[in-house]
K.L.:
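A single structure is presented below for examination.
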Amino acid sequence: MTDSSVSMGMLIDTTKCMGCRGCQVACKQWNGLKAERTTFFGGPGYQNPPALSANTFTLITFTEIEAKDGLRWIFTKRGCMHCKDPVCAAVCPVGALQKKPNGAVAYDPDKCMGCRYCMLACPWSVPSYEWQSPSPFVRKCTLCDDRQKNGKAPACVSACPTGALQFGRREELLAQARARIAQNPDRYVEHIYGEKEAGGTGVMYLAAVPFSELGFPTVAPHSMAVYADQVMKVIPWWVMGLGAFLTGVYALFSRRKKIAAGLAAEGPQAKQQGGER
Amino acid sequence: MTTYTTTRTGWTFPLTLPRVVMLLLAAAAFGTLAWRFYAGLGASTNLRDNFPWGLWIGLDILTGVALAAGGFTMAFYIEVIGRERFHQFLRPAVLTSLVGYILVTMGVLGDVGLPWRIYHPIYLWNPRSFMLEVAWCVILYTTVLFVEFLPTPLERLGLDRLLHMVRKVMPVFIVLGIVLSTLHQSSLGSLFLVMGHRLHPLWWSPILPVNFLLTAICVGFAMVVFESVLSGWLLKHPLDGKLLGDLTRPLPWVLLVALAVRLGDLVVRGSLSAATEGSLQSYSFLVEVSIGLALPALLLFSRSWRETPGRLFTIATMVVIGVVLNRVNVSMIGMFTETSSYIPAWSEWVVSVGLVALGVLAIVFISENMPVRNEYHHADYK
């Protein structure tokens, strides 16, 4: 289960989640995260706390859906998606965020300087900041890297009483998700969220309704880092090309100027010229 | 070796009322920054998890760098392709850029969460990150600007031997400075390439770096005009309308290219219709493109507008406003979503305004005490 070279992932079957928030509590306990002072109905419906934060790495969202058979309450578990090609890691100037072979997108607080680019780059706005601290760090789910090293599943998965959360090799979870949709086409929409989103994510979801109704953003089937990568490729050529061009043009115009200056100097006794500038 | 006579001896800085006000503003900025370091960003700014970049990134850094584009624009125009008639505009442009970049560095120090680690990008490299490129460009180009500006204090101090040496290596720094500037100006746009999920389609584009570079060149010319006319008025020295007008000859064309590229890209991506959706973003876009690009381009084709300093000043101001608005749109207004918007806290304004005041004071002090507008050897030079 915990071969550290195998990319692990999580399958979240929202049709099995009953919204107990045991995972949320287990996550807080394992990571030693502080409680948050919240107000009742401070977020969408019964969702509490209202959003992910530096003290909340995972959050059960509450969505009310009007279905044919009446009102339906759907719970999803949000947090870091542990992308295959995480854009947060692609944009971090100092390499503080990195994709580990075991699938976790890990954060090294010793490298971070606090530019917060990762927070804006993440399509799910997952990385959170310790805004109240004078020496703040980025915080987010670690896929319980530390538990994995000791042969244990992430705290949230261990706490889940209904089997809505499953931890395992990403490829196996994906096969299982496909099988579940095939066996119960009435129970699920035909979409494994995270299979293709952002080029594939370690955390994947199954749901009974379209994911857009559950507040999931529509994310392109490739990492947004591709646009930056394309431009980055041009840069060495730009530097060499423009450098050569400018040097050439500069030399040409300087030569012209020198010739002109030489002609002028042949006239009346000219004092020494004031240099090139 | 030529000798340059030092005519002035003392350093002066008469404290007029506006200068006292600016000094107070600058002091307020540093006081507020001290509080920000003590209390943290959460208490001292309106930045939140759903809006992690605000005024300091949008105004102090993105806009600050753009408005410092005069240095490389003039270096190319005057030094590289030898438009010697405009030589008098070079030093003020380099000075503004140098001061601008120093202010940008101060803005960065205020904005990042752990500023005492600001040196990390020097040895911790993620070569895939545009933020790394931005960091390196700031470091290198600020150094280049320092060297480019060096002849001015050296002339003032009468250090002829050193001055001669600096002049010898200057061409290398001129070329390096232009290459670095094009990289830096464009890479600030490239930062937003990964934010297609968030940035409004009127601004997000795969060619954001091109848009940033083109508008930087436009505002490079505009800032030189803006400052020349302003200092002419304030210091009551005569303005050569013809010379200023001639300086801006390339500007309408660059503005039109920037406009065409911008609109063409929006048409190709089918996003132009968003300009009429009636949202805050659509209005902001329309103002930006019309006031900042289209109108000044058209007016610049009129000789009477171009060669009347007052009118040219109006045009330059439009271009400056357009570019400021563009950077504000990309970093803030275009980043508003249904669930997150942002209005800067008073403390953020105090820092931004105070840093600008500090910059103006620095430029005024250096201009009054060093041969910025009149090189000592200028008569020789011609």
K.L.:
Under a 4.5 Å heavy-atom cut-off, does chain B meet the side chain of T218(A), its backbone, both or neither?
P.N.:
neither
K.L.:
Less than 4.5 Å apart, side chain to side chain, heavy atoms only: is that true for W131(A) and P52(B)?
P.N.:
yes
K.L.:
Tell me whether D49(B) contacts the main-chain N or O of S128(A) through its side chain, where contact means a donor paired with an acceptor under 3.5 Å.
P.N.:
no
K.L.:
Between P136(A) and chain B, with a heavy-atom cut-off of 4.5 Å, which part of the residue counts as in contact: side chain, backbone, both or neither?
P.N.:
both
K.L.:
Pick from G95(A), C122(A), C112(A): which one has the most heavy-atom pairs with chain B under 4.5 Å?
P.N.:
C112(A)
K.L.:
At a 4.5 Å cut-off on heavy atoms, which part of L52(A) comes close to chain B: side chain, backbone, both, or neither?
P.N.:
backbone
K.L.:
Between A135(B) and chain A, which part of the residue has a heavy atom less than 4.5 Å away: side chain, backbone, both or neither?
P.N.:
neither
K.L.:
Closer than 4.0 angstrom, basic N to acidic O: yes or no for D85(A) and R128(B)?
P.N.:
yes
K.L.:
Is any side-chain heavy atom of H197(B) closer than 4.5 Å to a side-chain heavy atom of V219(A)?
P.N.:
no
K.L.:
Which atoms of F130(B) are under 4.5 Å from chain A, going by heavy atoms: the side chain, the backbone, both sets, or neither?
P.N.:
both
K.L.:
Main chain of L191(B), side chain of Y117(A): is a donor-acceptor contact present, judged purely on distance under 3.5 Å?
P.N.:
yes
K.L.:
Does a side-chain heavy-atom distance below 4.5 Å link V94(A) with N126(B)?
P.N.:
no
K.L.:
Could you check whether any side-chain heavy atom of V80(B) comes within less than 4.5 Å of a side-chain heavy atom of F253(A), counting everything from C-beta outward?
P.N.:
no
K.L.:
Counting only heavy atoms closer than 4.5 Å, note whether A51(A) contacts chain B via side chain, backbone, both or neither.
P.N.:
neither
K.L.:
On a heavy-atom basis, which atom in V194(B) and which in A121(A) lie closest, and how many Å separate them?
P.N.:
CG2-CB, 3.8 Å
K.L.:
Using non-hydrogen atoms only, which part of P121(B) is less than 4.5 Å away from chain A: side chain, backbone, both, or neither?
P.N.:
both
K.L.:
Mind ranking C92(A), P217(A), S133(A) by heavy-atom pairs under 4.5 Å with chain B and telling me who comes out on top?
P.N.:
C92(A)
K.L.:
Of the backbone (N, CA, C, O) and the side chain (C-beta and beyond), which part of L47(B) lies under 4.5 Å from a heavy atom of chain A, both, or neither?
P.N.:
both
K.L.:
Quick one: of K111(A), M224(A), R116(A), who has the most non-hydrogen atom pairs under 4.5 Å with chain B?
P.N.:
R116(A)
K.L.:
V91(A) versus chain B, heavy atoms under 4.5 Å apart: side chain, backbone, both or neither?
P.N.:
both
K.L.:
Given that the side chain runs from C-beta out, which part of F76(B) has a heavy atom under 4.5 Å from chain A: side chain, backbone, both or neither?
P.N.:
side chain
K.L.:
Taking all non-hydrogen atoms of both residues into account, name the closest pair between V239(A) and L183(B) and its distance.
P.N.:
CG2-CD1, 3.7 Å
K.L.:
Verify, without hydrogens or angle tests, whether H120(B) (side chain) and P93(A) (backbone) share a donor-acceptor contact under 3.5 angstrom.
P.N.:
no
K.L.:
Is any side-chain heavy atom of L124(B) closer than 4.5 Å to a side-chain heavy atom of M113(A)?
P.N.:
no
K.L.:
Over 60° means perpendicular and under 30° means parallel, so classify the ring planes of W204(B) and Y227(A), tilted if in between.
P.N.:
perpendicular
K.L.:
Quick one: are S135(A) and L114(B) in side-chain contact, heavy atoms under 4.5 Å?
P.N.:
yes
K.L.:
What part of A54(A) lies closer than 4.5 angstrom to a heavy atom of chain B: side chain, backbone, both or neither?
P.N.:
backbone
K.L.:
Using modelled atom types and a 3.5 Å cut-off, is there a donor and acceptor pairing between side-chain atoms of W53(B) and backbone atoms of C115(A)?
P.N.:
yes
